[in-house]
Protein chains: 2
Amino acid sequence: MPQENSAAKVLFHLKQDILTGFFVAGHKLKMSALKERYQVGVNPLREALSQLVVMQLVQVHDQRGYRVCPVSQTELVDIYDTRAHIESLCVGLAIERGDEAWEANIVAAAYRLQSNADLLKADGDLQAWEKLHQGFHYAIVKGCGSEELLRVRLDLYEKASRYRNLWLKHNAGHGAFDVNQMEHEQLVTAVLARDLESAKKLIFKHIIVPSQVLQGLL
Amino acid sequence: MPQENSAAKVLFHLKQDILTGFFVAGHKLKMSALKERYQVGVNPLREALSQLVVMQLVQVHDQRGYRVCPVSQTELVDIYDTRAHIESLCVGLAIERGDEAWEANIVAAAYRLQSNADLLKADGDLQAWEKLHQGFHYAIVKGCGSEELLRVRLDLYEKASRYRNLWLKHNAGHGAFDVNQMEHEQLVTAVLARDLESAKKLIFKHIIVPSQVLQGLL
DNA sequence: TGTTAGGTTAATATCGACATTTTAATCCTT
DNA sequence: AAGGATTAAAATGTCGATATTAACCTAACA
């Protein structure tokens with residue numbers, strides 16, 4: 001990566017630290033501690049924090065500093081419900097608009113996901129699996145062709161990942177991969193057959209159902 | 001308003017200046033000029049600019065400062081198309097979930113809009129009319145009950161307003177209010193009758209059609 | 001014993017200054 | 001005279017310092 005300013009580097013790492021749960025919800029983000037951790041001055045820190053405020057990962061209280069946004073069951077339900085609707089919208093548009101290259105990419109991504117699923121189930125590198133998983137679903141929704149919609153989708157995915165990582169911490173290595181894999185196959189079939197209604201229903205469930213498991217943790 | 005830090009004040013004003021077109025697309029945002037205009041130091045400015053970068057209203061080039069994001073016909077089409085889909089989604093969910101208070105608020109907002117429409121057509125205070133218009137549509141979508149979805153909707157609305165204000169500048173006092181008003185009446189009827197399909201189609205057109213006029217300006 | 005007032009400590013928000021980098025303007029060479 | 005190199009000017013990114021504000025602890029009083 002090219003030389004980027006300190007704020008951008010801090011943003012990247014701090015965002016990671018929040019999403020992965022290193023800084024838990026509600027945690028007070030003291031300048032002194034952050035300066036120490038990221039080895040930068042206050043001003044780049046404030047810039048990064050300002051950006052995280054817009055992303056709704058950090059709250060700012062005037063003259064009272066910054067804190068990691070609290071999590072709540074209400075927000076969890078809302079995010080996953082919204083994600084399900086947005087993803088469903090993306091899939092629908094992708095089926096209407098997707099071309100041949102789009103189809104090929106889906107098949108490729110599905111193959112990569114499936115061939116690595118077994119390996120990862122063994123050694124338990126869930127973050128790596130999640131990346132493939134993400135890539136698979138992105139291959140599908142990419143067909144909608146809308147930068148704006150894909151951005152909205154990504155924002156929601158990132159907001160959700162804080163909750164998802166919460167789950168990974170408590171349920172390390174205890175994944176329901178088999179069910180998941182079957183859902184993926186059904187999804188690919190419906191999408192490639194351009195079966196709009198089935199595909200939209202499948203993806204909606206694929207997002208909503210796991211969120212119901214998550215709800216038990218809060 | 002309570003005492004808020006400088007960055008928040010700058011953010012508000014600078015955002016306004018960009019959305020209303022005071023700072024046109026592509027304009028270089030020099031620190032010296034911004035310091036002069038908003039009467040603050042560099043650091044609050046950089047915080048505000050960082051936030052606007054996340055909102056995709058400002059671009060940052062490393063060591064080369066900030067510029068207002070360029071506009072393009074591609075983005076215009078994408079934003080309005082996405083807005084139409086999102087708004088349609090909101091309306092659909094609102095019809096499914098809205099209660100009696102929601103219905104009452106719609107009727108109230110529609111009344112306010114209609115009773116002020118004639119007045120504003122005369123003296124031409126389009127910004128005030130736009131606020132009522134916004135309020136009317138918000139009253140409808142509010143029924144979806146999803147904070148996340150409403151936030152996505154608001155973000156897109158704000159991004160679109162830069163294009164809308166571009167139109168207002170070139171077409172001052174030349175509104176198609178009558179057509180608009182009729183569409184609103186049809187929408188209210190469909191929504192209150194909980195006619196999902198009609199309402200979704202109406203709102204989709206209500207957003208898409210004006211955007212096609214806008215496309216001529218770029 | 002619970003509460004409030006005062007003083008102490010710590011943290012935040014902002015500014016001015018400096019080092020670094022980019023932009024421009026000028027000058028030299030061919 | 002044109003193009004490239006060199007120098008000057010301006011702008012950016014970062015840090016340290018300072019004033020202001022909130023949080024905390026202690027102690028006195030009801």
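A note on names: the letters A, B, ... follow the listed sequences, proteins ahead of strands, and every chain is numbered from 1.
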Q. Starting at NE2 of His61(A) and ending at C1' of dA23(D), how long is that distance when rounded to a whole Å?
A. 14 Å
Q | Whole angstrom value for the distance that separates C1' of dA10(D) from CE of Met31(B) | A | 14 Å
Q. Does OP1 or OP2 of dA23(D) have a side-chain N or O of Arg64(A) closer than 4.0 Å?
A. yes
(Q) Does atom CD (Glu96(A)) have a neighbourhood of more than 12 heavy atoms from anything else shown, all under 6.0 Å? (A) yes
**Q.** Modelled atom types, side-chain donor and acceptor of Asn165(A) and Thr20(A), under 3.5 Å
**A.** no
Q) Of Lys28(A) and Arg46(B), whose closest DNA chain D nucleotide lies nearer the 5' terminus? A) Arg46(B)
Q.
If only side-chain N and O atoms count, and only distance matters, is there a donor-acceptor pair under 3.5 Å linking Thr82(A) with Asp78(A)?
A. yes
Q.
Can you confirm whether Asp17(A) sits close enough to Arg37(A) that some side-chain heavy atom of one is under 4.5 Å from a side-chain heavy atom of the other?
A. yes
**Q.** Nearest listed nucleotide, side chain of Asn5(B), among dT21(C), dA11(C), dA13(C)
**A.** dA13(C)
Q: Can you label the angle between the His184(A) ring and the Phe136(A) ring as parallel, tilted or perpendicular, going by 30° and 60°?
A: tilted
(Q) Distance check needed: dC24(D) C1' versus Lys30(A) NZ, whole Å only. (A) 12 Å
Q) Using the ring of each side chain (for Trp, its six-membered ring), is Phe23(B) parallel, tilted or perpendicular to Tyr38(B), with breaks at 30° and 60°? A) perpendicular
Q: Report the distance from atom CD of Gln63(A) to atom P of dA23(D), rounded to the nearest whole Å.
A: 10 Å
Q | Euclidean distance, atom OH of residue Tyr66(A) to atom P of dA22(D) [Å, nearest integer] | A | 15 Å
Q: Sort out for me which residue in Arg83(B), His137(B), Glu158(B) forms a side chain to side chain contact (heavy atoms under 4.5 Å, CB included) with Arg153(B).
A: His137(B)
All N/O contacts under 3.5 Å from nucleotides 15-17 of chain D to the protein, with atom names and distances to one decimal?
from    : atom 1 : to       : atom 2 : distance (Å)
dC15(D) : OP2    : Gly41(A) : N      : 2.7
dC15(D) : N4     : Asn43(A) : ND2    : 3.0

Q.
Using whole Å, what does the distance between atom P of nucleotide dC15(C) and atom CG of Leu34(B) come to?
A. 14 Å
Q. Between atom CG in Leu45(B) and atom P in dA13(C), what is the gap in whole Å?
A. 16 Å
Q. Rounding to a whole Å, what distance do you find between Leu49(B):CG and dA11(D):P?
A. 15 Å
